Amino acid sequence: MKVVIVGPGAMGCLFAGYFVKKKQHDVWILDKNARRAKRLKENGIRIDSDKGSFSVKINATASVSDIKSPDLVILCVKSYDTEDVLKTIEPALTKDSRVLTLQNGLGNMEIMNEIVGPERVLGGVTAHGATLLGEGYTRHAGRGDTVIGNMSGKLTVSMRPVRELFNLSGFATRLTKDVNSIIWSKLTINVGINAISAITRLQNGALIESEGTREVVSMAVTEAARLAKRKRIKLIYDDPIQKVESVCRATASNLSSMLQDVLKKRKTEIDYINGAIVRQAKSLGILTPTNVILTDLVKSIEFAYSKQA
Ligand code: PAF
């Protein structure tokens with residue numbers, strides 16, 4: 001199986017590292033930065049976790065011609081890059097290639113459907129947390145389930161090898177017929193964690209240790225859960241606040257992806273997470289004041305990058 005991971009960030013390196021270690025598939029990383037791809041090829045990937053540390057060699061390239069006819073492409077880029085990446089890789093795909101998103105936020109599968117066609121699109125979520133410590137060097141900071149499905153709601157034969165790849169590489173994975181509910185369930189978790197950690201610079205675990213942030217987490221999550229209910233989307237857990245708190249504990253030492261972004265003064269995925277809640281709620285006439293404030297504050301942090309000395 002030829003597997004191409006697009007993006008050498010924390011999650012991209014995490015998947016690539018374990019796939020190579022456990023399965024020795026033909027695994028590639030596609031990086032838009034040719035110099036970094038060359039260094040990744042020379043230096044490989046290192047993964048640290050509470051179980052120890054390991055390094056593997058990796059095929060890395062910036063050239064789409066190297067990743068021709070992949071069986072599986074996994075998008076590990078930020079949501080705002082999804083469209084450009086798909087346009088770049090589309091010519092390399094065959095009709096049997098599958099493209100999987102496990103990205104945070106809303107809207108990625110819809111963009112994928114438009115560019116590569118729904119029959120090739122898989123979507124889902126992962127509860128694994130990872131922190132990029134350096135180029136090709138990632139810390140596995142939290143474990144959880146990975147769930148994959150497609151928009152048609154039918155479990156197809158082509159999904160099985162994908163599930164097997166993840167399971168055999170140590171990522172407990174199942175298939176679902178209701179990917180939308182899975183994506184909203186993960187979105188609600190990101191709504192509770194990402195912006196608040198980016199604003200306060202707290203690790204996930206600390207978010208629920210301080211009374212103040214714990215309260216804001218609960219307010220943001222309640223708004224998202226109410227919106228899901230109004231849209232008749234069933235979350236996969238009964239108590240969204242309890243769920244988010246349990247993810248905070250399970251990924252306690254992780255810096256959320258949005259906190260990692262602001263620490264590096266990078267654009268965040270706020271528009272696809274809290275911002276998506278605000279937009280969708282507004283179109284239904286629902287107020288989401290906590291998410292409005294969180295969105296505005298994170299956007300102000302992005303604005304401040306250029307103003308800081
Ligand atoms: O975006 C993230 O950081 C992750 O989705 C999660 C689960 C919040 C863990 O940090």
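Ligands are counted one by one from 1 in listed order, and the atoms in each one are counted from 1 as well. Computed from a predicted model, the values in this text were never measured in an experiment. Note that these values count all heavy atoms, side chains included, but never hydrogens, waters or copies made by symmetry.
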So how far is it from Leu168 CG to Phe19 CZ, rounded to the nearest 0.5 Å? 10.5 Å
Do ligand 1 and Asn104 have nitrogen or oxygen atoms that lie under 3.5 Å from each other? yes
Just let me know how Asn194 lines up against ligand 1, side chain, backbone, both or neither, with a heavy-atom cut-off below 4.0 Å. side chain
Suppose I only count heavy atoms of Ser256 and a 4.0 Å limit; which atoms of ligand 1 are within that range? 3 (O), 10 (O)
Of all the non-hydrogen atoms in the protein, which one sits nearest to atom 2 (C) of ligand 1, and at what distance? Ser257 OG, 3.4 Å
Identify every side-chain donor-acceptor pair in residues 190-197 under 3.5 Å, counting partners at least two apart or on other chains, and give the distances.
unit_1 : atom_1 : unit_2 : atom_2 : d
Asn190 : ND2    : Asn194 : OD1    : 3.2
Asn194 : ND2    : Ser257 : OG     : 3.3
Ser197 : OG     : Ile193 : O      : 3.1
Ser197 : OG     : Asn194 : O      : 2.9
Ser197 : OG     : Ser256 : OG     : 2.6

Is Glu110 atom CD crowded by more than 12 heavy atoms from other residues, nucleotides or ligands, each under 6.0 Å away? yes
salt_bridge(Lys299, Asp271) N-O dist < 4.0 Å: yes
In this structure, are over 12 heavy atoms from other groups packed under 6.0 Å from Glu211 atom CD? no
If the contact criterion is a heavy-atom separation under 4.0 Å, does Lys186 count as touching ligand 1? yes
Which residue and non-hydrogen atom of the protein lie closest to atom 4 (C) of ligand 1, and at what distance in Å? Asn190 ND2, 3.8 Å
The answer for which part of Asn204 has a heavy atom under 4.0 Å from ligand 1 is side chain
May I ask you to decide whether Lys243 forms a salt bridge with Asp238, counting only side-chain N to carboxylate O separations under 4.0 Å? no
With heavy atoms and a 4.0 Å threshold, my read on which part of Met258 contacts ligand 1 is neither
